[in-house]
Amino acid sequence: MIKSKDLLGIKDLSAEEIIRILDTAAVFKDVLARDIKKVPTLRGKTVVNVFFEPSTRTRTSFELAAKRLSTDVVNFSVPASSIAKGETLKDTALTIQALGADFVVIRHSSAGVPYFLSRVLKASVINAGDGSNEHPTQALLDLFTIRSSKENIEGLTVAIIGDVAHSRVAKSNIYGLTKLGAKVRLIGPPTLMPVAINNLPVDIYNSMEEGIRGADVIMTLRIQLERQNRGFFPSLEEYFKLYGLTGDRLKLAKEDAMVMHPGPINRGIEISTDAADGPQSVILEQVTNGLAVRMAVLYLLSGVKE
Ligand code: CP
């Protein structure tokens, strides 16, 4: 069982809680393979998606996950809401709760917003990405996808490439992978590594070739230009030349290495088309698994009483 009413970050979860979510997601993956994919498990509950930043995968899969569990779903439109008239986030969230929300799924450009809402609301708050801090359901679906292909996460070498400093996906994956016993390598220019890097249980590589050699899993990250307020590297062309994942570079990893990317992908910047669409790529499988994982999160949080 998950101990908290909220899912705010992987940092807050124990290895047992992560495994419990992954095991539950496996059950829902079986449900999703049936002809009738809908179950009445959370009938009568209400999920409200509140996204202050764009999203394709996370928002759509939370909506579908909620519908597959028979909840009512509202996609709150931030630009069309009373936030445009000056209403605060706290008052907006309390209003959504007063209308009967049981779950608030929040994405925000500022780190810490889901933590703030979790203290204000009785409803379960699920972090769908807060600034450069965490994106817990993305890491859970990544762990689920790795576990589907590799027998054990413990002992695997996972190379995470690129803009780690601005990536909430990287942070959540570093916490999740290391809690489950994987060895994590971070590859990228020093300017794109987190400031508190020495506090993380990871190995750092500035050379792409050295970093991906012998890896079991290669995870490329999108360059988060929207979070960069200065030039962290000379040009996108230069970045691709030094850190782009190509079919040739992929040959340095293990023969059965998985190629992952949280999406959206920028072809020709962090990954080439042959690597993104090649036989080792599980990028679309990650998206598919997001549905079962988000069903598991909604289901498990619904059982937590304060
Ligand atoms: N991986 C991810 O968060 O994608 P979206 O921004 O499309 O939700």
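This chain uses plain numbering: 1 for the first residue, then up along the sequence. The model shown is predicted, which means the values in this text are computed figures rather than measured ones. Whatever order the structure lists ligands and atoms in, that order sets their numbers, starting from 1.
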Lys NZ or Arg CZ of Arg294 over Phe62 ring: under 6.0 Å, within 45°: yes
With heavy-atom distances below 4.0 Å as the criterion, list the atoms of ligand 1 near Thr56. 5 (P), 7 (O), 8 (O)
Going by the atom numbers of ligand 1, which of them fall below 4.0 Å from some non-hydrogen atom of Gly263? 1 (N), 2 (C), 4 (O)
Show every donor-acceptor pair shorter than 3.5 Å between a side-chain atom in residues 29-42 and any protein atom, with sequence neighbours excluded, or say none if there are none.
unit_1: Lys29; atom_1: NZ; unit_2: Asn289; atom_2: OD1; d: 2.7
unit_1: Lys37; atom_1: NZ; unit_2: Arg34; atom_2: O; d: 3.0

Is it true that Gly129 lies under 4.0 Å from ligand 1, counting heavy atoms only? no
At a non-hydrogen distance cut-off of under 4.0 Å, which region of Glu53 contacts ligand 1 (side chain, backbone, both, or neither)? neither
May I ask you to say whether Arg20 pairs ionically with Glu16, meaning some side-chain N is under 4.0 Å from a carboxylate O? no
Which residue owns the protein heavy atom closest to atom 6 (O) of ligand 1, what's the atom, and how far is it? Arg107 NH1, 2.9 Å
Quick one: nearest non-hydrogen protein atom to atom 4 (O) of ligand 1, plus distance? Arg57 NE, 3.1 Å
Ring pair (Phe, Tyr, Trp, His ring centres under 6.0 Å): pairs with one or both residues in residues 174-212, sequence neighbours excluded: none
Salt-bridge criterion met for Asp277 and Arg267 (N-O under 4.0 Å): yes
Atom of Ser272, atom of Thr246 and distance for their closest heavy-atom approach: OG-CA, 3.4 Å
Under-4.0 Å heavy-atom contact with ligand 1, by part of Gln286 that carries it: neither
Numbering as shown, the atoms of ligand 1 that approach Thr58 to under 4.0 Å (heavy-atom distance): 2 (C), 3 (O), 4 (O), 5 (P), 8 (O)
Establish, from distance only, whether the side-chain atoms of Asn127 and Glu134 form a donor-acceptor pair under 3.5 Å. no
Pro264 to ligand 1: N or O pair under 3.5 Å? no
